[in-house]
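Written below as structure tokens is the structure these notes are about.
Predicted model, so just to flag it, every value in this text is computed and none were measured.
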Amino acid sequence: MTDSDIPQAVDAAVAAPAVQSPSPSFDEIGLHSLILQAVKQTGYTVPTPIQAQALPEVMAGRDVMGAAQTGTGKTAAFTLPILHRLMPLANASASPARHPVRALILTPTRELADQVFESVKRYSLYTPLRSAVVFGGVDIGPQKDALRQGCEVLIATPGRLLDHLSQNTVNLSQVGILVLDEADRMLDMGFLPDLDRIIRALPAQRQTLLFSATFSAEIRKLARTYQKTPVELEVAKRNATADTVTQIAYPVAEEDKRAAVVHLVKSKGLNQVIVFSNTKIGTSRLARQLERDGVKAESIHGDKSQADRMKALDAFKAGELEVLVATDVAARGLDVAGVPCVINYDLPYSAEDYVHRIGRTGRAGASGDAISLYTPAQEKLLIEVEKLIKRPIERGQLMVPKRDLDSSRGSSARSLPAHDRGRGRGKAYVEPPKPVIDEFFLKPYEPSASAPSKPAAVKPTAPNRKAGLGVLLGAAPKPVDKDTANSGEPVGN
DNA sequence: AAAAAAT
């Protein structure tokens, strides 16, 4: 599933506010009938805002610079018009063999590449247009075969594409359309030199589409370098978080975080939770520990083999896991339909990543919960996030029954000194204040009420609503107060 | 400071 799978026909009526300006249907936009056929089969009738804006521009051949949140239907916003533009080519159908690549779509991660590929395949189902995807971590042989067969649309991650280029197994000399998806992410990941090398292999005469979560100075520079007077489209507000996502943060001591996750999952019967951790090692470890605690969990991060990554993701999508523990490899672009809850086990180092992480829930107008666990030392990160999203995040108090806490505490966490002891800064080490964790609770955490009318792609098992068992939150939402918020900051950070 | 991506 990808961004393009926003079920307009179904959800628009329920979750999305009625569109005031009469949005044209896909019929009226003038997409090629064979593409329209595939669109209709998915059940969509009305384009999302980004689609409504981008389709005409891209179909007209203009360069587009688009800022759109994930979950806005961004993938279809470029996939559909690209296929439309390539249709004359397919109609000619003179020499079916050895068609050179006409459209190239670059993405930062392998999973995203695969998702975009799935989307292209779906929408080109009734057309003669062919597509292929290349990315690292898997055998290059089959990719070479696919490229030799010929494809009009190629989706790729930069590294493997360069590999193909150097081996002369791909011909990019006829690429008339280039898409840089999640461009901000690609820059973050240091792909600029790779992008540069790839783009130098493309014709200068081409249409270039650039999608990014934000229009930072770097992105604008990228646009200036590779685009010609792009049309700027900005759909959702930059750095906005969906209104349908309930956000809450709990102060939890580092060694209690695991127990907190177990309780959030178990006591509420949450069955499809993505838990974000900041490190690859921490991600693996947490998944293992959760398994020991009786939570079905798998991890996904960059040190795992591509096969393992796909396996974990598929198992999660199939509903076989309660928890997917992930690094930020999963923060962007990943689209598992209807994830009802995201937990930040660690707050991300950058506030922008927070936006991407919680963008995994509350997609397409569905409701979702984003829960962040933070130590007092991490509160400043939380404040950074609030500044970025321009809204306060409710603070709660999470309580876990003491006996569960103790049983779930590993031997490891306890003994570790949580913070570095003074690095000669002349200050004594101060144990950060611990949130009160005790046997009783005030008010249970409830997953947000309005259940999405459209069930997740994965059929959720009946939530076992044994509230009260343990996890609790009380503490009235406290308005953010920058002054007091910082006061408990411990030494060191 | 961390993660991702070609091998």
Quick one: closest heavy-atom pair of A:V273 and A:F316, and the distance?
O-CE1, 3.6 Å
Over all atoms of both residues, closest heavy-atom pair of A:T157 and A:A113
CG2-CB, 4.2 Å
From the set [options], return the single nucleotide nearest to any side-chain atom of [X].
X	options	value
A:T109	B:dA6, B:dA1, B:dA4	B:dA4
A:K280	B:dA2, B:dA6, B:dA4	B:dA4
A:R160	B:dA5, B:dA6, B:dA1	B:dA6
A:D353	B:dA2, B:dA6, B:dA5	B:dA2

Spacing between [X] atom [atom1] and [N] atom [atom2], to the nearest angstrom:
X	N	atom1	atom2	value
A:I281	B:dA4	CD1	P	12 Å
A:E111	B:dA4	CD	C1'	10 Å
A:D114	B:dA5	CG	C1'	16 Å
A:L347	B:dA1	CG	P	17 Å
A:L313	B:dA4	CG	P	14 Å
A:L195	B:dA5	CG	P	14 Å
A:R110	B:dA3	CZ	P	15 Å
A:M189	B:dA3	CE	P	12 Å

When you compare the side chains of A:Q143 and A:R160, does any donor N or O come within less than 3.5 Å of an acceptor on the partner?
yes
Might you confirm whether atom CD of A:Q205 has over 12 heavy atoms from other residues, nucleotides or ligands at distances under 6.0 Å?
no
For A:R102 and A:E152, run salt bridge (charged side-chain N to carboxylate O under 4.0 Å, His left out): C-alpha distance rounded to whole Å, both residues' side-chain angles, the deciding distance at 0.1 Å, then the answer.
CA-CA 5 Å; A:R102 302 291 182 149; A:E152 287 76 29; over 6 Å; no
Determine: side-chain N/O of [X] to OP1/OP2 of [N], distance under 4.0 Å, yes or no.
X	N	answer
A:T157	B:dA6	yes
A:R185	B:dA3	no
A:R357	B:dA2	no

Sugar-phosphate only, base, or nothing, as touched by A:G137 at under 4.0 Å among non-hydrogen atoms:
sugar-phosphate
